[in-house]
Amino acid sequence: MQPGTSSFSDFLSEHAPDLLPARKSLPAGSLADLAPHGTTIVAATFPGGLVMAGDRRATMGNVIAQRDIEKVFPADEYSTVGIAGTAGLAVEMVRLFQVELEHYEKIEGSILSLDGKANRLSALIRANLGMAMQGLAVVPMFAGYDLDRGIGRIFGYDITGGRHEERHFFTVGSGSLFARGAMKKLYREDLTETECVTLTVQALYDAADDDSATGGPDLTRRIFPVVWVITAEGGRRISDDDVAAIADQVVAGRMQRPDGPNAPLLQGGDVQ
C-alpha cells in the first residue's frame, strides 16, 4: 500500500477505484435534472489577492432544495474552489481535490504550484466526463494566490476538463451572465479588499435578481453569501456578520433605486 505517486487520485484508482466519484453510474431511467444543483460563483482580483463568493441556494428542478448550501471551499492554504453543477457530486470532487493537494505536499515535501493545482483539478473534472454526459455535470471555479508571481489568479473549466485562465474577474453557474454584467460595470484594478468583497456581493445580487436558481441575500433568515479572501498570508473566510453588513448596504441602495446598481463600492480599509 505504498502510494508510489504524488497523485492521490491515481493511487485510489489503482487500489479502490469504486471510491472515486466519477466511477459511479446512474440506473436506467434516472432523472438527473432532479439532482440538487448549485449556482452561482463569482471571483475577482485586487492588488494583493482575490475574493471568491457563492450564493447559498440549491435547486432541484423548479424547487428550492436548500437555502443555505455552501459552495466555496478552501482547497489548501493559498487557494479556493467554488462549485457549480450537481451539488452532491461537486462536493465529493472538492473533498478529493483537497486530499489530492495535501497528499502531494506530504509525499513531495513542498506545495504544488498554482498551475499544478489547476491542472490536477482539470484531471478530476475530465475523469467525471461520463457522469457529465449523463446529466450530472460539475463545473467548478478555481482561484488562488500565486506565491511565485505575487498575484491572485482565477481559472475556469468546461465539462471536459479544459482549463482557461481569466483576468481580473470571472463567474460560473446559471446566474453567471447577469453577475458578469454587473462586474463589468463595477470592477476596477485598484479595488481595496473591502471593495472587492462588495463587488462580489453586488454581482450575486444582480444574478439573483434575474436568475431564479440563484439566491440573493436572505434578510428574513439572515442567510448571506459565503465569501473567501486569499492573500499572501493565506485564505480566510469573511465572517457572516461582516458579509451581512455589506449585504445590508447593498440592499439598502437597491431599495432606493431597484433597477440599477446605485449602491457604490464601500470606501475604507479591509474587512477584518
Side-chain angles (χ1 to χ4, degrees), residues 37-46 49-59 69-75 79-87 90-91 93-94 114 118 121-122 125 132 137-145 151-189 191 193-217 224-230 235 237-238 243 246-247 250 254 260-261 263 265:
H37 283 66
T39 54
T40 300
I41 307 298
V42 301
T45 62
F46 64 91
L50 64 96
V51 175
M52 182 181 289
D55 80 301
R56 307 293 295 276
R57 177 175 294 178
T59 58
I69 187 174
E70 296 195 6
K71 309 173 190 176
V72 180
F73 305 89
S79 61
T80 185
V81 58
I83 59 171
T86 308
V91 170
M93 185 178 294
V94 167
L114 193 64
L121 182 56
S122 181
I125 299 170
V138 177
V139 187
M141 183 196 299
F142 175 69
Y145 187 82
I151 58 173
R153 299 170 64 192
I154 304 170
F155 299 89
Y157 299 85
D158 58 38
I159 62 170
T160 66
R163 188 198 91 176
H164 54 278
E165 185 171 355
E166 298 290 337
R167 294 188 60 192
H168 304 315
F169 59 86
F170 187 55
T171 63
V172 68
S174 66
S176 61
L177 177 64
F178 310 109
R180 187 175 182 85
M183 298 183 93
K184 282 184 177 181
K185 301 296 183 183
L186 297 174
Y187 182 81
R188 302 193 319 268
E189 293 188 28
L191 294 173
E193 180 182 304
T194 300
E195 290 172 339
C196 197
V197 172
T198 306
L199 169 68
T200 61
V201 176
Q202 290 271 25
L204 288 174
Y205 185 101
D206 278 325
D209 201 33
D210 290 297
D211 175 45
S212 61
T214 303
F224 300 98
V226 172
V227 182
W228 277 80
V229 175
I230 311 293
R237 177 172 172 171
I238 302 301
V243 177
I246 293 174
V250 170
R254 298 303 181 93
L265 299 176

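Throughout, numbering of the chain's residues begins at 1 and tracks the sequence. Everything quoted here is computed from the prediction, not taken from an experiment.
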Subject >> Val139: side chain to side chain contact (heavy atoms under 4.5 Å, CB included) partners, not counting sequence neighbours >> reply: Ile159, Val172
Original post:
Rounded to the nearest 0.5 Å, how far does CZ of Arg56 lie from OG1 of Thr40?
Top reply: 14.0 Å
Subject >> Heavy-atom side-chain proximity of Phe142 to Leu114 below 4.5 angstrom >> reply: yes
Subject >> Side-chain touch Arg254/Gln202, heavy atoms, less than 4.5 angstrom >> reply: yes
Original post:
When rounded to the nearest 0.5 angstrom, what distance separates CD1 in Ile151 from OG1 in Thr45?
Top reply: 8.0 Å
Subject >> Heavy-atom closest contact (Ala53 atom, Leu204 atom, distance) >> reply: CB-CD1, 4.0 Å
Original post:
Do Val138 and Ile125 come within less than 4.5 Å of each other through their side chains, counting heavy atoms only?
Top reply: no
Subject >> salt bridge (charged side-chain N to carboxylate O under 4.0 Å, His left out) contacts in which one or both residues fall within residues 164-180, not counting sequence neighbours >> reply: Arg153-Glu165
**OP:** Could you list the residues that satisfy side chain to side chain contact (heavy atoms under 4.5 Å, CB included) with Phe178, not counting sequence neighbours?
**Re:** Asp210, Asp211
Original post:
Which one of Thr194, Val197, Val201 satisfies the side chain to side chain contact (heavy atoms under 4.5 Å, CB included) criterion with Val51?
Top reply: Val197
Original post:
Which residues pass the side chain to side chain contact (heavy atoms under 4.5 Å, CB included) test with Ser212, sequence neighbours left out?
Top reply: none
Original post:
By side-chain hydrogen bond (donor to acceptor under 3.5 Å, both in side chains), which residues pair with Ser79, not counting sequence neighbours?
Top reply: Asp76
Subject >> Heavy-atom closest pair, residues Phe46 and Leu191 >> reply: CB-O, 3.5 Å
Original post:
Between atom CD1 of Ile69 and atom CD1 of Ile83, what is the distance when rounded to the nearest 0.5 Å?
Top reply: 5.5 Å
**OP:** Can you label the angle between the Phe170 ring and the His164 ring as parallel, tilted or perpendicular, going by 30° and 60°?
**Re:** perpendicular
Subject >> Atom pair CE/CD1 of Met141 and Ile154 - distance to nearest 0.5 Å >> reply: 7.0 Å
Original post:
Quick check: does any side chain N or O of Thr200 sit under 3.5 Å from a backbone N or O of Ala43, one acting as donor and the other as acceptor?
Top reply: no
Original post:
Which residues satisfy the side chain to side chain contact (heavy atoms under 4.5 Å, CB included) test with Ala179, sequence neighbours excluded?
Top reply: Val42, Thr171, Ala203, Ala207
Original post:
Are any of the side-chain heavy atoms of Val243 and Pro225 separated by less than 4.5 Å?
Top reply: yes
Original post:
Any donor-acceptor pair under 3.5 Å linking the side chain of Thr80 with the backbone of Ala75?
Top reply: no
Subject >> All ring-ring contact (aromatic ring centres under 6.0 Å, His included) counterparts of Tyr145, not counting sequence neighbours >> reply: none
Subject >> Side-chain heavy atoms of Pro140 within contact of Leu121, under 4.5 Å >> reply: yes
Subject >> Within-4.5 Å side-chain heavy-atom neighbours: Val72 and Val227 >> reply: no
Original post:
Any idea which heavy atoms bring Ala44 and Met183 closest together, and the distance?
Top reply: CB-CE, 3.7 Å
Subject >> Residues which pass ring-ring contact (aromatic ring centres under 6.0 Å, His included) with Phe224, listed by chain and number, not counting sequence neighbours >> reply: none
